[in-house]
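The structure appears right after this line, and notes come after that.
No experiment lies behind these values; they were computed from the predicted model shown.
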Amino acid sequence: MDARELIAKELHRRLSSVPGTKIVFRNPKVEPTVDDLPCISFFELGDVVHKRDQRGGIPYYIRTFNLIIEPIIASATEGESTPDLITYVKEVKKKLYEGGINL
């Protein structure tokens, strides 16, 4: 399994553990329904290879893997949506950076 897939699986695992999250979508093609909320979608973008080298005849790459993470919530009122989203994003960040910046 390549490193990109391992990173995506670890990201999915961490995002799935955010309190209250019903589902995490990877590269979704359709919008989530109200029944899916709160949920998190993440979109894999292209990656940029910064360096290619070899170790013991095996190629390795230093690259940047770009993602967009989109937390989606449903609030009781429009006035509550901003504070609710801020709280939810804080929880997402806690799980994302759990154990340090090591993805």
Side-chain angles (χ1 to χ4, degrees):
M1 186 175 304
D2 70 346
R4 182 179 172 125
E5 186 64 23
L6 290 172
I7 292 167
K9 285 187 178 217
E10 175 62 15
L11 177 66
H12 192 280
R13 184 194 68 75
R14 289 184 189 189
L15 295 177
S16 295
S17 67
V18 173
T21 301
K22 289 186 180 177
I23 191 164
V24 175
F25 296 102
R26 182 176 175 184
N27 298 317
K29 302 289 186 220
V30 296
E31 295 281 324
T33 65
V34 175
D35 295 335
D36 296 330
L37 303 180
C39 70
I40 302 171
S41 297
F42 72 93
F43 302 88
E44 299 172 51
L45 305 176
D47 52 357
V48 178
V49 177
H50 299 285
K51 180 181 175 184
R52 182 188 184 279
D53 211 339
Q54 289 198 357
R55 285 188 191 146
I58 299 172
Y60 76 92
Y61 303 89
I62 295 176
R63 58 180 49 179
T64 302
F65 179 25
N66 295 300
L67 294 164
I68 294 174
I69 299 173
E70 180 182 39
I72 306 168
I73 62 163
S75 291
T77 66
E78 190 173 334
E80 294 174 355
S81 61
T82 299
D84 290 349
L85 184 58
I86 289 170
T87 302
Y88 190 62
V89 168
K90 284 180 182 178
E91 292 299 320
V92 170
K93 286 181 177 181
K94 283 181 192 175
K95 291 298 181 177
L96 181 61
Y97 297 117
E98 191 173 67
I101 302 172
N102 55 13
L103 286 178

Measure the spacing between CG of L96 and NZ of K94 and express it to the nearest 0.5 Å.
13.5 Å
Any link between I40 and V89 through a network of hydrophobic side chains (Ile, Leu, Val, Met, Phe, Trp, Tyr) touching at under 4.5 Å?
yes
Are V30 and F25 close enough, and set up right, to give a side-chain contact (heavy atoms from CB on, under 4.5 Å), and what steps lead you there?
CA-CA 10 Å; V30 296; F25 296 102; over 6 Å; no
When every non-hydrogen atom of P28 is compared with those of F43, the smallest separation belongs to CD-CE2, 3.4 Å
Kindly check if the number of other-residue, nucleotide or ligand heavy atoms within 6.0 Å of NZ (K93) is above 12?
no
Assess the residue pair N27 and E44 against the criterion (side-chain contact (heavy atoms from CB on, under 4.5 Å)); give the C-alpha distance rounded to whole Å, side-chain angles, the decisive distance to 0.1 Å, and a yes or no.
CA-CA 7 Å; N27 298 317; E44 299 172 51; 3.0 Å; yes
Find out if a path of hydrophobic residues (ILVMFWY) with successive side-chain heavy-atom gaps under 4.5 Å connects L85 to V24.
yes
Which atom pairs, donor and acceptor, lie under 3.5 Å between side-chain atoms of residues 58-66 and protein residues at least two apart or in another chain?
unit_1, atom_1, unit_2, atom_2, d
Y61, OH, R52, NE, 3.2
R63, NH1, D47, OD2, 3.0
T64, OG1, H50, NE2, 2.5
N66, ND2, G46, O, 3.2

When every non-hydrogen atom of V18 is compared with those of E91, the smallest separation belongs to CG1-CB, 3.9 Å
By side chain to side chain contact (heavy atoms under 4.5 Å, CB included) - contacts of I86 (at least two apart):
T82, K90
Can you tell if the side chain of R14 reaches within under 4.5 Å of the side chain of Y97, non-hydrogen atoms only?
no
dist R26:CZ -> K9:NZ (nearest 0.5 Å) comes out at 7.5 Å
Is there a path of hydrophobic side-chain contacts, each under 4.5 Å between heavy atoms of I/L/V/M/F/W/Y residues, joining L11 to I23?
no
Is the CD atom of E31 crowded by more than 12 outside heavy atoms at less than 6.0 Å?
no
Donor-acceptor list for residues 67-80 side chains, cut-off 3.5 Å, not counting sequence neighbours:
unit_1, atom_1, unit_2, atom_2, d
S75, OG, D84, OD2, 2.8
T77, OG1, E80, N, 3.3

